Amino acid sequence: MKTAKITLLLCLVTLLSYGNVSTKEKEALKALYTSTNGDLWRTSWDFNKPVQDWHGVVVKDDKVIELNLEFNNLRGTLPDAIGDLVYLKHINFFRNKISGGIPATISNLKSLETLNISFNMLSSALPNEIGELKSLRKLKLFMNTINGEIPSSIGQLTNLNSLELYNNQLTGELPSSVGELVNLKEMLLSSNKLSGKLPSTIANAKELKKLSVFDNNFFGTLPNSICSLTQLEELVISDNAFYGKLPNAMANLVNLKVLLLGNNDFKGELVQLKEQLPELVQFDFVNMNSEGVIVTLDEEDDN
């Protein structure tokens, strides 16, 4: 009888310690702790306490729905087991020292709405499986050294409204599938090694307010279709290899507040364009090749 009471007491202690969070989720959290040197975190986890009391872990209805571990000195790689946290809605690992890459098992997180691993040391290419995060609204991976190409599967993230991949080592062309991101409001891709033409399909993102691709290797003329993005407030395309005449319909972008075109090889006189954009507060076209003529319609077909 005494043994039975002790066993019951231990079971009760375990229940109180972990609540009803599944064993699989608990093990996944422990795997994250181990692979990122949890003992060195600024705020570590006490496994003797309930999961909901672990720093940065949000539990709702006995399910782990958020991980907020920004500025917490995570060092190491993300484990495959992170894919077992299938109820996660938000991951915030901002400003740590996570290296390696994003595990392909991330595709299991069908409810994920925010993925922020910015200001870390990620270096591996983005997995194709990232396109399976159909609920994702914010993808923030800026200030890493992520290499490889942006996978075309990115176009499957049709609920995405913010794509922030700037300051990485991304190469290749911007896939035309970005045209599927019809809810996108921000696309920030500056300071990478992206090349090729800016896809005309980008014009499908009618809600786009910020488009920044400066400091890359993009070339060619701007697609005429970009002029249909009438919600644009910031267009930053400086420090690339764009050339030719700007589309005449640029004057349609009446909400532009920031227009930075410098260090390309555009031709034409931009004074009239500036006058037609009354909201402009920042306008730069330094090092442009001006021939003293009014901007006219770019003859090159949209890519």
Side-chain angles (χ1 to χ4, degrees), residues 137-139 142 155 157-166 174 176-191 194 196-216 218-303:
R137 297 181 183 277
K138 298 182 184 299
L139 179 57
F142 58 86
L157 305 178
T158 54
N159 286 307
L160 202 66
N161 57 52
S162 181
L163 177 62
E164 302 184 33
L165 302 177
Y166 58 89
L174 181 60
S176 60
S177 61
V178 296
E180 302 298 319
L181 305 179
V182 295
N183 291 302
L184 203 62
K185 289 182 171 60
E186 296 181 328
M187 183 185 292
L188 309 180
L189 307 175
S190 59
S191 297
L194 297 168
K197 294 185 176 182
L198 202 62
S200 59
T201 55
I202 201 170
N204 294 336
K206 300 299 184 184
E207 301 300 314
L208 198 62
K209 292 186 176 183
K210 295 182 181 180
L211 174 59
S212 177
V213 299
F214 81 86
D215 188 24
N216 276 286
F218 287 108
F219 59 81
T221 56
L222 284 186
N224 295 324
S225 57
I226 202 171
C227 300
S228 65
L229 297 176
T230 55
Q231 300 301 311
L232 266 184
E233 296 178 1
E234 297 183 18
L235 177 59
V236 184
I237 59 175
S238 51
D239 293 282
N240 280 283
F242 292 114
Y243 57 78
K245 297 176 181 178
L246 292 172
N248 194 46
M250 287 283 286
N252 291 342
L253 305 180
V254 294
N255 289 305
L256 274 183
K257 295 179 173 63
V258 177
L259 177 59
L260 304 182
L261 308 170
N263 292 323
N264 285 289
D265 194 25
F266 289 119
K267 294 179 173 64
E269 174 59 56
L270 298 181
V271 173
Q272 183 181 14
L273 177 61
K274 184 178 181 180
E275 293 174 350
Q276 293 174 333
L277 298 173
E279 298 298 319
L280 274 184
V281 295
Q282 190 174 359
F283 182 47
D284 174 43
F285 53 96
V286 175
N287 290 341
M288 293 180 63
N289 182 14
S290 176
E291 296 182 348
V293 296
I294 301 300
V295 176
T296 57
L297 184 66
D298 188 340
E299 297 296 334
E300 186 166 328
D301 291 338
D302 282 355
N303 49 77

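Nothing here was measured: the structure is a model prediction, and the numbers come from that model. Note that these values count all heavy atoms, side chains included, but never hydrogens, waters or copies made by symmetry. Residues: numbered from 1 along the sequence shown.
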Return the CG to CG distance between Leu211 and Leu163, rounded to the nearest 0.5 Å.
10.5 Å

Verify, without hydrogens or angle tests, whether Asn240 (side chain) and Asn216 (backbone) share a donor-acceptor contact under 3.5 angstrom.
yes

For residues Leu256 and Phe283, determine if any side-chain heavy atom of one lies less than 4.5 Å from a side-chain heavy atom of the other.
no

Is any side-chain heavy atom of Phe266 closer than 4.5 Å to a side-chain heavy atom of Lys245?
no

Check for a donor-acceptor pair, side chain of Asn183 on one end and backbone N or O of Thr158 on the other, with a separation under 3.5 Å.
yes

What distance do Leu232 atom CG and Asn252 atom CG have between them, rounded to the nearest 0.5 Å?
11.5 Å

Among Glu186, Lys210, Met187, whose side chain to side chain contact (heavy atoms under 4.5 Å, CB included) with Ser162 holds?
Glu186

Side chain to side chain, Phe214 and Ile237, heavy atoms closer than 4.5 Å:
no

What are the two closest heavy atoms between Val178 and Pro199, and how far apart are they?
CG2-CG, 4.1 Å

Where Ser225 and Ser200 come nearest, the two heavy atoms and their spacing:
OG-O, 3.0 Å

I need the minimum non-hydrogen distance between Pro247 and Pro223, along with the two atoms involved.
CG-O, 4.2 Å

Atom CG in Leu188, atom CD in Glu234: separation rounded to 0.5 Å?
8.0 Å

Closest approach of Leu229 to Ala205 (non-hydrogen atoms, all atoms of both residues):
CD2-O, 3.2 Å

Between Asn204 (side chain) and Ile202 (backbone), is there a donor-acceptor pair under 3.5 Å?
no

Leu189 pairs by side chain to side chain contact (heavy atoms under 4.5 Å, CB included) with which of Leu194, Val236, Asp215?
Leu194

Short side-chain to backbone donor-acceptor contact, Ser176 and Thr201, under 3.5 Å
no

Worked verdict on Asn264 versus Tyr243 for side chain to side chain contact (heavy atoms under 4.5 Å, CB included)
CA-CA 6 Å; Asn264 285 289; Tyr243 57 78; over 6 Å; no

CZ of Phe242 to CG of Leu198: how many Å apart, nearest 0.5 Å?
5.0 Å

Atom pair NZ/CG of Lys209 and Asn161 - distance to nearest 0.5 Å:
10.5 Å

Looking only at heavy atoms, which two atoms of Gln282 and Leu260 are closest? And how far apart?
CG-CD2, 3.9 Å

Measure the spacing between CG of Leu235 and CD1 of Ile226 and express it to the nearest 0.5 Å.
5.0 Å

Could you walk me through whether Phe218 and Lys197 pass side chain to side chain contact (heavy atoms under 4.5 Å, CB included), step by step?
CA-CA 6 Å; Phe218 287 108; Lys197 294 185 176 182; over 6 Å; no

Provide the closest heavy-atom pair for Met250 versus Leu259 in the form atom of the first, atom of the second, distance.
CE-CD1, 4.3 Å

Which residues satisfy the salt bridge (Lys or Arg N to Asp or Glu O under 4.0 Å) test with Glu164, sequence neighbours excluded?
Lys140

